[in-house]
Protein chains: 2
Amino acid sequence: MTSKAAAVPDKPESRQERKERTRRAILDAALEMLADEGFGSLSLRALTKAAGIVPTAFYRHFSTLDELGLALLDESFMTLRGLIREVRGGDPAPETLIDRSVDVLSVQLEEHKAHFRFIGRERQGGNAVLRDAIRHELSLFERELATDLARMPGLERWGAADLHVLASLFVDLMVAAAGELVGPAADHPATRKELVDNLRNQARMIVVGAAGWEPLDR
Amino acid sequence: MTSKAAAVPDKPESRQERKERTRRAILDAALEMLADEGFGSLSLRALTKAAGIVPTAFYRHFSTLDELGLALLDESFMTLRGLIREVRGGDPAPETLIDRSVDVLSVQLEEHKAHFRFIGRERQGGNAVLRDAIRHELSLFERELATDLARMPGLERWGAADLHVLASLFVDLMVAAAGELVGPAADHPATRKELVDNLRNQARMIVVGAAGWEPLDR
DNA sequence: ACTTTCAGTGAACATTCGTACACTGAAACA
DNA sequence: TGTTTCAGTGTACGAATGTTCACTGAAAGT
């Protein structure tokens, strides 16, 4: 097919190019299979078959299944960090911040559905290594969010504990919303709109709470 | 051992008594194993071995593994409903309601850790049947919570949409907190106290938000 | 006292699993 | 040019999987 009909000479393929290509095939196959099953019940044989390689070839890229899981986590948290960066970029007008954040989340969630689904699944999943890694990364994410929030007008005098309360509320909200929006129910546009609208209102109610919040102790 | 040494005559065991006993053994074994793995990777052979029966005997109680999962869900949501009932009972003074709810949740969570862990795991787990069932039950739970909230002072004039926003916030918060509190990190008393304290503050911030909330449209 | 019911047994099955091992062939290197 | 490296192949293995079937023996029903 592509050998002669294609106009581009796609033949010359470096050795590490090819390796990287099958590595991606493995990662993509895993992400697709993880839509139907948990990481714990992921079969190496079925995975490699879906990736188009023979079972034993897997070990040329990962020495264990857990290593594959951690690689998937790296990818997934890359996109999660991209989310916060995209929200931060542009105008940081406090008024439009909620709408902007919800919109960005909605778009990124649709674009990298597999990554967020993976995080949401394995966050409470059976594998202890993945679970702890996700917990750690999410706490870093929350911390980063907290430092951002500290610069918001009206929150300058909040203590670390207050910021933690608010940031964890937002993270919990994001995780919960992501869990809903990656599900099959969110494919129906009207249902998806309801979910996003409710998410926006939830965020607003939390912001109202933050506005009326009197900082703890001290 | 128990045949002669025991003072109680534990011999006379009815047929359905015995059946119920092994059924419980299966359910308990499953709940224990589900602390380490997802339902999707639950092995029927390992399960029946843990329950003290031969693999094929499983089918005398459940015709499929999914049926076992649904039975576990029934149990788990029984305890969840017990939670809301216990909060409702006693004095419904709005002032102490948050502290009371958090305390009840903390105790019930410790007492029925396996049930809540099961719900939290399979909520985003691989099995579509369990996932949908949990989603449905949680939406019922949220609805029930919403009708309770509708009777609270200051919320009498809220619309269904407003109540949905607040109730879903509380449910998300409860699910998130449960996920943290069933983990091994919550075994350390100091860590657990931090988690519970933060949960209480999160609930308070939401309540402040609800107090300052102006109902949608109309 | 007999027959029936049925929870639990035990052997056997076809699959699927993860992994070890020796291999091939082309790219990278000398 | 000849040599080395190494991603991917193919076979083979023991272990574990879910499910079948005929069975046993004691409780339940007659």
Side-chain angles (χ1 to χ4, degrees), chain A residues 2-3 9-30 32-34 36-72 125-130, chain B residues 2-3 9-30 32-34 36-72 125-130:
Chain A
T2 51
S3 56
D10 52 0
K11 270 300 167 192
E13 191 176 27
S14 153
R15 188 124 100 172
Q16 53 180 335
E17 277 175 344
R18 178 165 168 74
K19 180 166 185 179
E20 174 59 26
R21 201 164 57 94
T22 60
R23 186 187 143 96
R24 265 256 62 86
I26 294 176
L27 291 170
D28 289 341
E32 190 178 334
M33 297 183 71
L34 287 174
D36 304 323
E37 55 185 325
F39 185 82
S41 58
L42 192 61
S43 155
L44 187 144
R45 291 186 101 104
L47 170 65
T48 50
K49 173 174 286 189
I53 57 174
V54 97
T56 54
F58 173 83
Y59 297 104
R60 302 293 179 187
H61 303 267
F62 307 96
S63 64
T64 174
L65 269 178
D66 278 9
E67 204 171 296
L68 166 66
L70 292 176
L72 288 174
N127 190 305
V129 176
L130 293 184
Chain B
T2 51
S3 57
D10 51 2
K11 271 298 169 194
E13 190 176 28
S14 151
R15 189 123 103 172
Q16 53 180 335
E17 275 174 348
R18 178 163 168 77
K19 179 165 185 180
E20 174 58 26
R21 202 165 57 94
T22 59
R23 186 188 143 98
R24 264 256 60 87
I26 294 176
L27 291 170
D28 289 341
E32 190 177 335
M33 300 184 69
L34 287 175
D36 304 323
E37 56 186 324
F39 185 82
S41 57
L42 193 61
S43 154
L44 186 144
R45 290 184 101 105
L47 169 66
T48 51
K49 173 174 286 188
I53 56 173
V54 98
T56 55
F58 173 83
Y59 298 104
R60 301 292 179 189
H61 302 268
F62 307 96
S63 63
T64 174
L65 270 177
D66 277 9
E67 205 172 295
L68 166 66
L70 292 176
L72 289 174
N127 191 308
V129 175
L130 293 185

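In the text below, chain A, chain B and the rest are named by the order of the sequence lines, each starting its count at 1. Computed from a predicted structure; not experimentally measured.
- In terms of heavy-atom proximity, B/Gly69 sits nearest to B/Leu130 at C-CD2, 3.6 Å.
- Shown for residues 46-68 of chain A: residues whose heavy atoms fall under 4.0 angstrom of DNA chain D, namely A/Ile53, A/Val54, A/Thr56, A/Ala57, A/Arg60, A/His61.
- For A/Lys19 and D/dG8, the NZ to P distance is 8 Å, given to the nearest whole Å.
- Put simply, the side chain of A/Arg24 reaches to within 4.5 Å of the side chain of A/Leu27, judged on heavy atoms.
- Running 5' to 3' along DNA chain C, contacts with non-hydrogen atoms of chain A at under 4.0 Å begin and end at C/dC17 to C/dA28.
- Atom CG of A/Asp28 sits about 9.5 Å away from atom CG of A/Leu72, to the nearest 0.5 Å.
- At least one side-chain heavy atom of B/Lys19 sits under 4.5 Å from a side-chain heavy atom of B/His61.
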Return all side-chain donor-acceptor pairs below 3.5 angstrom for residues 38-57 of chain A, not counting sequence neighbours, or 'none' if the list is empty.
residue: A/Ser41; atom: OG; partner: A/Gly38; partner atom: O; Å: 3.2
residue: A/Ser43; atom: OG; partner: A/Arg45; partner atom: N; Å: 3.3
residue: A/Ser43; atom: OG; partner: A/Ala46; partner atom: N; Å: 3.1
residue: A/Thr48; atom: OG1; partner: A/Leu44; partner atom: O; Å: 2.9
residue: A/Thr48; atom: OG1; partner: A/Arg45; partner atom: O; Å: 3.0

Got a list of protein N/O to nucleotides 28-30 of chain D N/O distances below 3.5 Å?
residue: D/dA28; atom: OP1; partner: B/Arg15; partner atom: N; Å: 3.3

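- You'll find the side chain of A/Arg23 reaches within 4.5 Å of the side chain of A/Glu20, heavy atoms only.
- No more than 12 heavy atoms of other residues, nucleotides or ligands shown are found within 6.0 angstrom of CD on A/Glu32.
- Summarising the geometry, the separation between CD on A/Glu17 and P on D/dG8 is reported as 13 Å, rounded to the nearest angstrom.
- If you take CD of A/Glu20 and P of D/dG8, they are 11 Å apart, rounded to a whole angstrom.
- For the helix from C/dA1-D/dT30 to C/dC29-D/dG2, the terminal axes (five pairs an end, C1' atoms, rotation from four pairs onto the next four) enclose an angle of 20°, given to 10 degrees.
- Under the salt bridge (Lys or Arg N to Asp or Glu O under 4.0 Å) criterion, A/Asp36 pairs with no residue, sequence neighbours left out.
- A donor and an acceptor atom never sit less than 3.5 Å apart when one is taken from the side chain of A/Arg18 and the other from the base of D/dG8.
- The closest side-chain heavy-atom distance from B/Asn127 to B/Leu65 is not below 4.5 Å.
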